[in-house]
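FYI, side chains are in, hydrogens and waters are out, and symmetry mates aren't considered; it's all heavy atoms of this structure. Everything numeric in this text was worked out from a predicted model, so none of it was measured. Order of the sequence lines sets the chain letters (A, B, ...), proteins ahead of strands, with each chain counted from 1.
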2 protein chains.
Amino acid sequence: MPVFSRFLRYFMAVAQHGSIRKASDELHIAASAIDRQVLQGEKILGTQLFERLPSGLRLTTAGELLLTSCRRWSRDLNALQTQLDNLKGLRQGSTDILIPDALTKGFLPTLLGKLRQTHPGIMVSIHVRKSHDMGELLVKGHADFALMFNPGHMRELTVRTHKEIPLGFVCLPSHEIAGLDEARFSLAAEYPMIVPAPPLALWRPIGVLEAETGVKVATVAKADNIQMIKSMVLEGAGVGILSYLDAYDEVQKGQLAFTPITNRKLPPLTLALCVDRSRQLSTAARFIITEIENFFAEQF
Amino acid sequence: MPVFSRFLRYFMAVAQHGSIRKASDELHIAASAIDRQVLQGEKILGTQLFERLPSGLRLTTAGELLLTSCRRWSRDLNALQTQLDNLKGLRQGSTDILIPDALTKGFLPTLLGKLRQTHPGIMVSIHVRKSHDMGELLVKGHADFALMFNPGHMRELTVRTHKEIPLGFVCLPSHEIAGLDEARFSLAAEYPMIVPAPPLALWRPIGVLEAETGVKVATVAKADNIQMIKSMVLEGAGVGILSYLDAYDEVQKGQLAFTPITNRKLPPLTLALCVDRSRQLSTAARFIITEIENFFAEQF
DNA sequence: AGCTTTTGCTCTCTTTTTGCGAACGCACCA
DNA sequence: TGGTGCGTTCGCAAAAAGAGAGCAAAAGCT
C-alpha cells in the first residue's frame, strides 16, 4: 500500500474525473470499491465531499478544500521521494523497458535522449516486443515496466499511468483539414484516405468506427506499416488515419498536421505504463517512470 | 480507515517513541503489525527510515525528512477538519462524557469552563462513573467518549489519546523537596509520608514500588480520599504521594509543589481517552476531544 | 414517447490485507 | 549466566477491500 490511504487516492481520481466509473477505469479498481471508499471517507470527515448529479459527482466546497490539500500532499510526497533518492545517491542504475514497435520513433527516443544528458549514469535497456508478450516478461521479472496499448486486465499487473491517444486525420499542413481543431469521422468519406491494415493495432478501431457510423471511407490506399502511410501522406497521396503518437515526430517538425476525430463510438486507444504488481521498482526505474509520467502530463 | 494510511500513522508513533513496542502500547496494535508496516514502508520508499539499535529505532536523515512532512500533513489535516466543521456550521451540538471521580476537580472543569465561553452552543453532559463500568456504557452508545485510568484492552474500544500521569511527592512550596526537579523514591523513607489507601487507584502502584525497591516508606498517615491527603499536606502534616492530576489545582495556585518520582519499576499510570471503535463521533464530540488532546499536548 | 446509455449505489462472494500471539535471535546488564 | 528489552518472523484467524452483477433514476438520443 502506497504511502497515502486508499481513500485519498480514490478521492483524487474521482475528483479529477468527476465520475466514479471514470476513476474506476483509470485506477483499474471496481467502481463499487471506489464508491465505498468515498462514502466511508465522507462519513469519517463528517462532510459531504461531492454533490451527486445524474451526470456524475461534482466537488462541494468541502471537497475542493480537501482536494487542494491532497494536491499539496502529493507534491510534497513527490518532492520528498526525489530528496530521498538524491540522499542515497541516485545517479546510476539500470532499467529494462518493454515497448511496442510503434514507440521506436517519436517521443520516447527524444525523452530518453534528454535523460541521457541529465542523468548519464542511468542505463536503459529497450526491449521491443509484441504487446501480448509483455505481460509474461514483466511477471517473470525480465523487465521493470512496459508501455503497452490497450492492456488487458492481468491480475499480476498494475497500470501506473495511462493516456488516451487521440485518433485522427493526418495530412499536409496545407490541406483543408489541417485548419480544423477537430474533425467528424464522416470527413473520411469526402477525402482520399490512406488507412492502416492488419496487423496494425489501429485497423481495429477504425473498422469498428466504420461499421458503427455507416460512413463509407473513401479508401485510396492501405498499408500495414505506419511509416509507409506517413510517407504516402507526405507525397500528397491522400489523408492518413493514424494516432497522434504515430505522427508525433512529423507534427513536431511541421511536416504534417494532425486533427483528432471526435466520435462517441470511437473505441479508446490507450497507452499504458504497466508494472508488476508485486515487484519493487529500482530507484532508476522509478525515476524514468516519473519522467515519462511528467511528459504525459505536459505534452498531451 | 482514517484519512492517512496505516503506514504513516504507525511510522509517526514509532518515530515519536523510538521503539516499536512503545508505539504498540500507544496504538494498542500488536508490535508485529507495526513492524510489518514500517518494513513495507521502507521498501516502498526505497530507503531505510530507521537505524536499528539494540535499544530501539532511531530515525535516519531520510526518516527525519519523512517525519517533518508527516507532521505538516497532520497539521494540515487538523486545520482542514476544523475548516470543514466551520463550513457546516459547528457551533452547536451535545456530547456525553464519562469521567472518573478523580477528574471532577482539576483541569477538566477548567477546560470545560473555557469551552463554554468560546463555544456556548455546545452542551456537555458529564457522567461520573467507575472505570470498569465505562466500557459497557460506551459500547451501548450512552456516551461519546470516556476518560479512564489504565484502560484494559477491550476490542470494541479504541484509545484516541493517552497520557502518562506522573506520580510524585506533593508538599508545601517551602519544603526541601519542592526545590528538586525530580526525586528518587527512596526519599519516601526520609520524610513523613501521607499515602493513599484502598480503594484509591494510587494505592496499587505505590505498593508495588514499595515491594520492588525495598524502600520502607515512613508513613505517618493514610487516607482513602485525595482531598483529605492534600488538606493534611497543606496543614504541614507531611509529604503526600499523589499523581500530578490530583494536585493540579493546588499546584496551579501555588499552594502546593509537585515533584515527580523517577523509578523504572514504577507501574505507569495512564489517563486514556477512549471511544467506541465502530461508532461515528458527532462533530461536537470530535471538537471537544481535540480540545482535550491539545491540552494534554501543551500542559503536561 | 420509447429507447439506450450512463450514473451512483447495494448486494453477495472471493481475495487480499491486517492483526494477533508465540517464538526467535540479538544485545545489554546484573 | 539468566533476565530484560529490542526488532523481527511465522502461522493462523479476522477484518477490510475488490469483483461483478444488478438496481433505480436521470439524461440523451431516435
- Task: Report which part of the nucleic acid B:L57 touches: base, sugar-phosphate, or nothing (heavy-atom distance under 4.0 Å, all strands).
- Result: sugar-phosphate
- Note on the structure: Nearest heavy-atom approach of B:F169 to B:F185 is CZ-O, 4.2 Å
- Query: So does B:R52 get a side-chain nitrogen or oxygen closer than 4.0 Å to the phosphate oxygens (OP1/OP2) of D:dT8?
  - Reply: yes
- Note on the structure: Judged by nearest nucleotide, the residue sitting upstream toward the 5' end of DNA chain D, B:I20 or A:S55, is B:I20
- Query: Can you tell me how far the OG atom of A:S69 sits from the CH2 atom of B:W73, to the nearest 0.5 Å?
  - Reply: 12.5 Å
- Item | Gap between atoms CZ and C1', on A:F7 and D:dG18 respectively (whole Å) | 18 Å
- Item | Pairwise 5' ranking along DNA chain C for B:Q37 and A:L53, keeping only the more 5' one | A:L53
- Separation of C:dC20 C1' from B:L27 CG (nearest whole Å): 15 Å
- Message: From the set C:dC9, C:dT18, C:dT10, return the single nucleotide nearest to any side-chain atom of A:R21.
- Response: C:dC9
- Decide whether A:E26 and A:H162 meet the rule of one side-chain donor and one side-chain acceptor closer than 3.5 Å. no
- In whole Å, what is the span from the CG atom of A:L49 to the P atom of C:dG8? 15 Å
- Message: What contact category does B:Y10 fall into here, base, sugar-phosphate, or nothing, at under 4.0 angstrom with non-hydrogen atoms?
- Response: sugar-phosphate
- Task: Let me know the distance between CZ of B:F50 and P of D:dC6, rounded to the nearest Å.
- Result: 15 Å
- So which nucleotide from D:dA17, C:dT18, D:dG7 ends up closest to the side chain of B:D35? D:dG7
- Taking CG from A:L39 and P from D:dA17, how many angstroms apart are they, rounded to a whole number? 13 Å
- Taking OP1 and OP2 of D:dC6, is either one under 4.0 Å from a side-chain nitrogen or oxygen of B:K22? yes
- Let me know the distance between CZ of B:R36 and C1' of C:dA22, rounded to the nearest Å. 14 Å
- Query: Are any of B:S19's side-chain N or O atoms less than 4.0 Å away from OP1 or OP2 of D:dG7?
  - Reply: yes
- When B:P54 and A:E42 are each assigned the nearest nucleotide of DNA chain C, the 5'-most assignment goes to A:E42
- Message: Check the phosphate of D:dG18 against A:R6, side-chain N and O only, distance under 4.0 Å to OP1 or OP2. Yes or no?
- Response: yes
- Write down the distance between CD1 (A:I34) and C1' (C:dT7), rounded to a whole number of angstrom. 14 Å
- Looking only at side-chain atoms of A:S32, point me to the closest of D:dT8, C:dC20, D:dG20. D:dG20
- For B:E51, answer base if it contacts any base atom (sugar-phosphate contacts may also be present), sugar-phosphate if it contacts only those atoms, and nothing otherwise; contact means non-hydrogen atoms under 4.0 Å. nothing
- Message: Under a 3.5 Å distance rule, please check whether A:T60 uses its side chain to pair with a backbone N or O of A:L49 as donor and acceptor.
- Response: yes
- Atom pair CG (A:L45) and CG (B:L77), whose distance is rounded to the nearest 0.5 Å: 7.0 Å
